[in-house]
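Below: the structure, in C-alpha cells.
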2 protein chains.
Amino acid sequence: MSYVNLKVYSGDSLEELVEVLKIAIARRSLVIILGECRVDYEGRAASRLELGERVVIIKQDSALLVHRPHGYSPVNWQPSTAIIEVTFKPSVGLVLHAVRDRPREYLTVVFVRVGLVVIGELVDQGGFTMYLEERDMRDILAENPWIIEEDLRVLGVEKPIGEGYVDIYALDKSGRHVLVELKRITATREAALQLYRYVEVYRKEHGETPRGILIAPSFAPTALETLTRLGLEYRYVDLKRLWELFKKRESKRVSLQEFFTKK
Amino acid sequence: MSYVNLKVYSGDSLEELVEVLKIAIARRSLVIILGECRVDYEGRAASRLELGERVVIIKQDSALLVHRPHGYSPVNWQPSTAIIEVTFKPSVGLVLHAVRDRPREYLTVVFVRVGLVVIGELVDQGGFTMYLEERDMRDILAENPWIIEEDLRVLGVEKPIGEGYVDIYALDKSGRHVLVELKRITATREAALQLYRYVEVYRKEHGETPRGILIAPSFAPTALETLTRLGLEYRYVDLKRLWELFKKRESKRVSLQEFFTKK
DNA sequence: CGTGCCAGGTGCCAT
DNA sequence: ATGGCACTTGGCACG
C-alpha cells in the first residue's frame with residue numbers, strides 16, 4: 001500500500017485514544033472513529049442525537065461527518081471551516097468539539113465507547129470531471145443554436161441582466177433579441193419567473209421587449225402555466241441528443257490535445 | 001464494545017477481499033474501504049474520477065459514499081435504493097457496481113489497491129430531534145401571534161393557497177385577512193415573490209386583497225426592494241426570543257409528560 | 001464579504 | 001409516482 005501512515009487502534013481506552021486523536025488532528029490526518037456516541041448541534045438550527053453506534057469521519061481539511069448506519073446523508077456535520085478539539089472528560093467520555101464561524105455553529109460529539117479508530121493520510125490528486133452540467137448544456141446550445149431554432153445568432157452567454165445572468169443571449173432571424181434560460185432538469189415555476197425577470201429588466205433597460213425562451217428536458221405544470229401567462233416560450237431539449245454532440249466535441253478536443261502532445 | 005461483528009482486514013489480497021465483501025454486503029453489514037480507486041458515474045449526469053486514495057462507505061441499507069480526503073460532500077455516491085455487486089477482475093482490480101432505478105444510475109468503483117477494510121453491524125436506535133426548523137418558528141408564532149402584531153388572530157397554519165401553502169393565515173384587528181410567509185434565515189427575493197403569489201391568488205379567489213407579511217431574521221436588499229414594490233409588509237423576528245419561548249414550551253411539555261408519567 | 005444560482009442536490013410530505 | 005418546498009442545504013463564481 002501507498003499509505004504512509006495508516007494506523008488502526010482497537011481496544012484502547014478512551015484516555016489513550018484522546019492523545020492519539022490530538023496528534024492526528026494536529027497533523028491534519030484523516031480520522032475515522034467507530035463508536036457509541038451522543039451528538040449535539042447548535043447554530044443556524046439545533047439538534048440532539050441520542051446514544052447510538054456511528055461512524056465519525058474527520059477529514060484532512062477538518063470537515064467532520066457523523067454518519068448513522070443508514071442513509072446517504074450525515075445526521076450531523078461541520079464543514080471544512082471548523083476547528084476541532086478533542087478532550088477526555090472522566091465519567092463523560094471522549095469529547096469532540098467542532099466549531100466554525102460564519103455562521104457560528106457548534107457541534108459536540110461525545111463517545112462513551114470507541115470500537116475502532118483509523119488514522120491515515122490519504123493522497124488524492126485524481127482529477128474529477130463532471131459532464132452534462134448546465135454549463136455543458138449551455139455551451140453545446142450556444143455552439144449549435146440551430147437546435148433551438150433556425151437562423152438564431154448567438155450574441156453571448158451568461159450575459160449580465162440586472163442582478164442575474166441570462167444563459168444565452170441571441171438574435172432571431174427577424175432581428176428580435178432572444179433571452180434563453182436553461183434547466184438541465186425539470187423546469188419549475190421558479191425558472192419561468194427567473195426568465196421573466198430577465199425579460200422585464202431587458203425591456204426596461206433597452207425599451208425593447210425581447211423573446212424569452214425556457215429550455216429544459218421537461219416542465220412542471222406550474223412552469224408551463226406561468227410561461228403561458230407571462231407570454232414566454234419554451235422548448236424541450238433532448239438530453240441524449242446533446243450528449244451525443246457533446247461526446248463528439250469532447251473526442252475532438254481530446255484528439256487535438258493528443259495531436260499537440262505528440263507534436 | 002457492543003459491536004457484535006467488527007472485523008478489520010489489512011494486507012489481504014484483492015481476491016481474498018472480494019469474498020469477504022460479498023458476504024458482508026449480502027448480510028447488509030456496514031463496510032468501510034480505504035484504498036486507491038477510480039470512480040465512474042453515469043445517470044442524470046456523468047462523471048469520472050481518476051485514481052486516488054479514498055474512503056468508500058457502504059451503509060447497512062446499501063447506500064454508498066465515496067469520500068475524498070477533503071470536503072463535506074461525497075465526490076460520488078448512490079442512495080439506499082441501490083443494488084451493489086462486488087467482483088474481482090484480474091489486471092483491473094476489485095470492482096464495486098452500484099445501480100439504482102428511477103432514476104437509472106450507475107456507479108462503478110474500481111480499487112487497484114486496498115489498505116483497509118472494516119466490516120461491522122452498527123446498532124443505532126438513538127432518537128434524533130431537530131429544533132428551530134421553520135416548522136418550529138411557525139408553531140411558536142402561531143401560538144404567540146402578538147410577536148407579529150397586536151390583536152392578530154390566527155385562523156390556520158399551512159393553509160393551501162392555490163398550489164402552495166401559506167405559513168400562517170390570520171385576521172388583523174381591523175378585520176382584514178393576513179397571509180404570513182416565514183423564512184428561518186435571510187429572506188431572498190424568491191421569498192417575497194412566493195408571498196406575492198399567495199396574495200395574488202387569494203385576491204383572485206376571494207375578491208379581497210389580503211395583507212402579506214414576510215417574517216425573517218434578515219432580508220436581502222433585493223427582497224426589501226421587491227416587498228416595497230409589491231406593496232408587501234415585513235417584520236424582523238428575533239430568533240433568540242423565539243428560542244427562549246420555544247425552550248419554555250419544550251420544558252412545559254416535558255414537565256407535563258413527567259407529571260403524567262409519575263401519575 | 002454578501003448575493004445569486006446550480007446541484008447527480010436530498011429529504012419530507014402532499015395529492 | 002409527481003409536485004411543491006425546506007434544508008444546519010453545500011458549493012462556486014462574481015460584484
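Letters A, B, ... mirror the listed sequences (proteins, then strands); counts begin at 1.
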DNA chain C: 5'-proximal contact among B/Leu107 and A/Arg197 (nearest heavy atom): A/Arg197
Identify, between B/Lys183 and A/Tyr165, the residue whose nearest nucleotide on DNA chain D lies closer to the 5' end. B/Lys183
Nearest-angstrom distance from the residue atom CZ of A/Phe219 to P of D/dG3: 13 Å
Between C/dC13 atom P and B/Arg138 atom CZ, what is the distance in whole Å? 12 Å
Give a yes or no on whether a salt bridge exists between A/Arg197 and B/Glu190, defined as a side-chain N under 4.0 angstrom from a carboxylate O. yes
Here the distance between atom P of C/dG11 and atom CZ of B/Arg135, to the nearest Å, is 17 Å
Is the distance between the ring centroids of A/His97 and A/Tyr106 under 6.0 Å? no
Is A/Arg138 atom CZ crowded by more than 12 heavy atoms from other residues, nucleotides or ligands, each under 6.0 Å away? yes
Could you state the CG-P distance from B/Leu195 to D/dG4, rounded to the nearest angstrom? 18 Å
Counting only side-chain N and O atoms of A/Gln194, is one of them less than 4.0 Å from OP1 or OP2 of C/dC6? yes
Reckon B/Arg189 has a side-chain N or O less than 4.0 Å from the OP1 or OP2 of C/dC5? yes
Side chain of A/Pro221 - closest among D/dC5, D/dT8, D/dG4: D/dG4
d(CG, A/Asp61; C1', D/dG10) in whole Å: 13 Å
Can you check whether B/Thr188 has a side-chain N or O nearer than 4.0 Å to OP1 or OP2 of C/dT3? no
Compare the minimum distances between each of C/dC6, D/dA6, C/dG8 and the side chain of B/Glu134, then state the nucleotide with the smallest one. D/dA6
On DNA chain D, more 5' by nearest nucleotide between B/Ile185 and A/Ala223 is A/Ala223
Rounded to whole Å, please give me the gap between CD in A/Glu225 and P in D/dG3. 15 Å
Has the side chain of B/Glu105 got a donor or acceptor atom sitting under 3.5 Å from an opposite partner on the base of C/dG8? yes
Report the C-alpha separation of B/Tyr165 and B/Tyr198 in whole Å, then their side-chain angles, then the decisive distance to 0.1 Å, and conclude whether the ring pair (Phe, Tyr, Trp, His ring centres under 6.0 Å) test is met. CA-CA 8 Å; B/Tyr165 299 84; B/Tyr198 296 145; 8.6 Å; no
Name the closest nucleotide to the B/Pro79 side chain, picking from D/dG4, C/dG8, D/dT8. C/dG8
Tell me whether the side-chain N/O atoms of B/Tyr41 come closer than 4.0 Å to OP1 or OP2 in C/dA7. no
Under 3.5 Å donor-acceptor pair, B/Glu190 side-chain atoms to C/dG4 base atoms: no
Specify whether B/Tyr169 and B/Tyr202 have parallel, tilted or perpendicular ring planes, treating 30° as the upper limit for parallel and 60° as the lower limit for perpendicular. tilted
Taking the nucleotide of DNA chain C with the closest heavy atom to each, which residue, B/Ala45 or A/Ser73, is nearer the 5' end? B/Ala45
